[in-house]
Protein chains: 2
Amino acid sequence: MAFDLQLGSAFPALRVREREVRGEGRPATKTRILIATENLFVNLGYDATSLRAITTEAGVNLAAVNYHFGSKEELFALVLTQRLDVLNLERVRLLDALESPSGKGFDSAHRVEQLIAVMFLPALRLARDSERGGPSFLRFLGRAYADPSPFVRNLLAERYAAQNARFVQAFARALPDLDAQDLSMRLHFMLDAISSTLASEDARKLMAALIASAHTAKERPDEDVAVLGHLAPFLAGSLRARADQPPQLKAIRAVVALL
Amino acid sequence: MAFDLQLGSAFPALRVREREVRGEGRPATKTRILIATENLFVNLGYDATSLRAITTEAGVNLAAVNYHFGSKEELFALVLTQRLDVLNLERVRLLDALESPSGKGFDSAHRVEQLIAVMFLPALRLARDSERGGPSFLRFLGRAYADPSPFVRNLLAERYAAQNARFVQAFARALPDLDAQDLSMRLHFMLDAISSTLASEDARKLMAALIASAHTAKERPDEDVAVLGHLAPFLAGSLRARADQPPQLKAIRAVVALL
DNA sequence: GCAAAATCAGAACAGTTGTTTGAATCGTTT
DNA sequence: AAACGATTCAAACAACTGTTCTGATTTTGC
């Protein structure tokens, strides 16, 4: 698999091994390192994934990482953007389609659910596309957005700032009654929750169980619709909830009085 | 400040320095280490907080941690349980009060909001109690529950398993229509979201801004009620949302069709 | 004030991390 | 077949981690 390079390039430095192009022998070290890095990152995160663990898993020499990628940070930057660029591309493409003037599929009453679907449908699709994502793609996604390392956080924040802003704007239009601060906090909540849930093993098992129960209830429904049918109302409910409603405030004051 | 020990204990090994008890001189090394550990943990988490950083910040010798606490893990176990034990004690006490047969403050229509208030009111109170918590208590809480280190995760999971189970049961009674799996997932969501939000600096600024705006809107309201008035409906909305509603499914299918 | 216990301090330990070196090897081209 | 650049390899590097060992110092109880 060629990554940042085209085959037969005129630049010697960017040429892949002929043997690998012809599909002979084992994959070149560069590829094996990238695969090993992704596998280990999914389970351990950035900090806890050492170069020695990577090179051992890949069956290559320790110095290979620095030789091929320059540094640990450059290696991870490639692995992360590799995956997340295609995800974000799909996301904005789908958002464009939803916002297109042709108005196909527009549903103003459930706009929030649709925006949530736009955010997560591409990820669900990639998880079943073994070429561009694969079964562990959702865990990868969760790890990436939940990783505590400043390097990973800065990379994601800077590289995808524009796309994130577009979604914040879209949600703001769909929820005109919510002031900007409150919306920002709730979206923050939502993304944090999704990320750590995707990253955690037992939470994903729960989601899988939910999908399975949806399958038995209806006859062969679309799997993505089943997942989003659970996820979207849940998240939309939190985004749409009205704050400072008198009866709720009264119930809360009753608890405060207990203390 | 005496931690795991009473003054004048009969056990020589558990005796604090007389000078500190009389308030003379600077705090004993043990105390300074505990304070430094808490400060650094709040900003960096368990893994990234080295013993050298702790002892430098505390102005004590490197070997002091192992001498006084045995190991890094034992030190952090003390720091964590120190704070979280009192929090969880307050929590179950408040839950007992809400569930008491006397029925004071009972509100079946807003039971979910009340349970959320029970979960977070003690934390808000401790954040304003400089003795047992302090201004950075919420950040501490967020860090603790969001920390990726297996040591911290296991410690919290094992030590507070019983209390957590009680809250899950209480939520299950308040939401009888939600099956156990779905409830478990949603609570997982909720806690993950709260934790990472409390831990993140900018998200807490948002919350502070919300409190401030609530102050201007009403006349000197109780600060805790203001926070919970925003938080509880938001979280309750996500817990109560109904999945698989036909009109929402239709809106989602429209998005799937766009792809 | 004395002896014993508790505390502190410096240095070093064994382990890990990411990175670099220089020589050996491989693959391709001429 | 020879030459050349690209790649692999073992080894070592410097910086860091938690921990432990010495001896000196201070504090405490009698």
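Order of the sequence lines fixes the chain letters, A, B, ..., with proteins taken first and strands second; residue numbering starts at 1 for each chain.
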Would B/Phe151 and B/Tyr46 count as a ring-ring contact (aromatic ring centres under 6.0 Å, His included) if you check the C-alpha gap in whole Å, the side-chain angles of each, and the deciding distance to 0.1 Å?
CA-CA 9 Å; B/Phe151 164 70; B/Tyr46 176 80; 5.1 Å; yes

Verify side-chain contact (heavy atoms from CB on, under 4.5 Å) between A/Leu80 and A/Arg159, making sure each step is shown before the conclusion.
CA-CA 11 Å; A/Leu80 288 169; A/Arg159 193 170 180 97; over 6 Å; no

Just do the side-chain contact (heavy atoms from CB on, under 4.5 Å) check on A/Asp192 and A/Tyr145 with the steps written out, would you?
CA-CA 8 Å; A/Asp192 284 352; A/Tyr145 278 94; over 6 Å; no

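Atom CD1 of B/Ile33 and atom C1' of C/dC8 are 11 Å apart (whole Å). Remark: P of C/dG18 and CD1 of A/Ile54 are 8 Å apart, rounded to the nearest angstrom. In this entry the distance linking NZ of B/Lys30 with C1' of D/dT26 reads 17 Å, nearest Å. Between A/Leu40 atom CG and C/dG18 atom P the separation is 12 Å, expressed in whole Å. Atom CG of A/Leu75 is separated from atom P of C/dT17 by 15 Å (rounded to the nearest Å).
For B/Arg132, the salt bridge (Lys or Arg N to Asp or Glu O under 4.0 Å) test picks out B/Glu90, B/Asp129, with sequence neighbours left out.
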Going 5' to 3' through nucleotides 16-21 of chain D, assign each nucleotide B (protein heavy atom under 4.0 Å from a base atom), S (under 4.0 Å only from sugar-phosphate atoms) or - (no protein heavy atom that close).
-BBBB-

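Note that the two end axes of the helix from C/dG1-D/dC30 to C/dC13-D/dG18 enclose an angle of 30°, each drawn from 5 base pairs, rounded to 10 degrees.
In this structure a side-chain-to-backbone donor-acceptor pair under 3.5 Å is missing from A/Lys72 to A/Ser50.
One distance of note links CZ of B/Phe76 with CG of B/Asp147; it measures 8.5 Å at 0.5 Å rounding.
In this structure, A/His68 reaches the D/dT8 phosphate: one of its side-chain N or O atoms is under 4.0 Å from OP1 or OP2.
Annotation: side chain of B/Leu259 is in contact with side chain of A/Arg125 (closest heavy-atom distance under 4.5 Å).
Side-chain polar atoms of B/Asn43 and B/Arg143 form no donor-acceptor pair below 3.5 angstrom.
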